[in-house]
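In what follows, chains carry the letters A, B, and so on, assigned in the order in which the sequence lines appear, proteins first and then strands, with residues in each chain numbered from 1.
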There are 2 protein chains.
Amino acid sequence: MIAPLQQALVAAELPVLRAHELSMWGYVVLSALDNQPIRTQAALAEVIGADKSRIIGVLDELEGDGLLERTRDPADRRARFVAITDEGRRKRRAVQADVQRNEERVLAHLPPGDREAFLRSLEVLAAEVADPATRAGRAGTSGTGR
Amino acid sequence: MIAPLQQALVAAELPVLRAHELSMWGYVVLSALDNQPIRTQAALAEVIGADKSRIIGVLDELEGDGLLERTRDPADRRARFVAITDEGRRKRRAVQADVQRNEERVLAHLPPGDREAFLRSLEVLAAEVADPATRAGRAGTSGTGR
DNA sequence: TATTGTTATACTCTATAACTATA
DNA sequence: TATAGTTATAGAGTATAACAATA
């Protein structure tokens, strides 16, 4: 049941992102950087659950649009700080507002009590899968195998 | 929040499917056929939200494993009936049992009330995205259904 | 030798467009 | 001409491997 739901949510959000000239991953990156400062690109990649090589084109584009800045770490000249700019923050929040409007429309037909419980449950479950150790022992869904 | 959740659920179910030597789409097809009889491959493809050309390899494999049968429609020799076999039904239900065990483990940490509301909401939302006409508030499918 | 960021390559899914055989 | 099923081709997205600079 979750699969078609996510599919529909993504489909509903794509036009919003396109209107702001932002890719899906671009939005994910800006959101991660707006939520907390992240030092290196590798750390950023891990936070958003992507491969480090996968976000490079995204970072190039965001930097070209002035939405973030990359600066070399003087202490370790291999690494690059990556930080969201004020303009990036503005754009991220504008997009987020539109996206949330979309989501509220989807949730509009749930009874208020169910709706609250649904969102609360989503947070619990998302935290659970993000870090299985946070909840009671060994959920065991982390076997990525490779 | 939904994206990583689905990702985790799929990741958790892949080993189950592999243990039963069944592909993701194979499971989807068997489930659709077990829920209701479907006449043509095109109709089946639409029910599961896939392109008609995409399920052919899946059907070939399922048929080779004796999990479903394809027979020509005598009235229209272009079309092929597609029906799940008893063995297919057995396999589908065995897999479903394992999959549900997985899902229950994920949901185990929700308070009972939230858990019920969560599943209830999922059903509402899934139906909503599957058939947007229901969004007007249980208007039913009285009229010309497409 | 190991690590950060980068580039290049290969693989998986998916969608689209031809092709056949019937109608 | 149109349709059901099939096959072939092309594209997006992703993962993996090789690479350069620095440690």
Please give, in whole Å, the distance from [N] [atom2] to [X] [atom1]?
| X | N | atom1 | atom2 | answer |
| --- | --- | --- | --- | --- |
| B/Asp60 | D/dA4 | CG | P | 19 Å |
| B/Ile55 | C/dT16 | CD1 | P | 16 Å |
| A/Asp51 | D/dA17 | CG | C1' | 11 Å |
| A/Ile56 | D/dA18 | CD1 | C1' | 13 Å |
| A/Leu68 | C/dG5 | CG | P | 13 Å |
| A/Gln41 | C/dT7 | CD | P | 10 Å |
| A/Ile38 | C/dT4 | CD1 | C1' | 16 Å |
| B/Lys52 | C/dT20 | NZ | C1' | 12 Å |

A/Asp73 with A/Arg39: basic N within carboxylate O range, under 4.0 Å:
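The answer is no: the pair does not qualify as a salt bridge.
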
Would A/Arg70 and A/Asp60 pass as an ion pair if we require N to O under 4.0 Å?
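Between A/Asp60 and A/Arg70 there is a salt bridge, with a charged N closer than 4.0 Å to a carboxylate O.
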
Hey, does A/Arg39 reach any base, or is it just sugar-phosphate, or nothing, if we go heavy atoms under 4.0 Å?
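The residue A/Arg39 makes no contact with any strand.
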
Categorize A/Thr40 for me: base, sugar-phosphate, or nothing, with a 4.0 angstrom heavy-atom threshold over every strand shown.
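Result for A/Thr40 = sugar-phosphate.
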
Close approaches to DNA chain D from residues 71-85 of chain A, in residue order (heavy atom, under 4.0 Å)
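Going residue by residue through residues 71-85 of chain A, the ones with a heavy atom under 4.0 Å of DNA chain D turn out to be A/Asp76, A/Arg77, A/Arg78.
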
Nearest 0.5 angstrom please: [X] [atom1] to [Y] [atom2], how far?
| X | Y | atom1 | atom2 | result |
| --- | --- | --- | --- | --- |
| B/Leu22 | B/Leu14 | CG | CG | 11.5 Å |
| A/Arg80 | A/Leu44 | CZ | CG | 13.0 Å |
| B/Leu125 | B/Ile2 | CG | CD1 | 7.5 Å |

Is there a side-chain contact between A/Trp25 and the phosphate of D/dG13, meaning an N or O under 4.0 Å from OP1 or OP2?
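Negative; the distance criterion is not met.
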
In terms of heavy-atom contacts, does CZ of B/Arg77 have more than 12 from other residues, nucleotides or ligands at under 6.0 Å?
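Open: at most 12 neighbouring heavy atoms sit under 6.0 Å from CZ of B/Arg77.
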
Looking only at N and O atoms, is any donor in the side chain of B/Ser53 or the base of C/dT16 less than 3.5 Å from an acceptor on the other one?
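A donor-acceptor contact between them is present.
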
For A/Arg115 and B/Ser121, test the side chains for any donor-to-acceptor distance below 3.5 angstrom and give the result as yes or no.
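Their side chains do not contain a donor-acceptor pair, so the 3.5 Å distance test is not met.
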
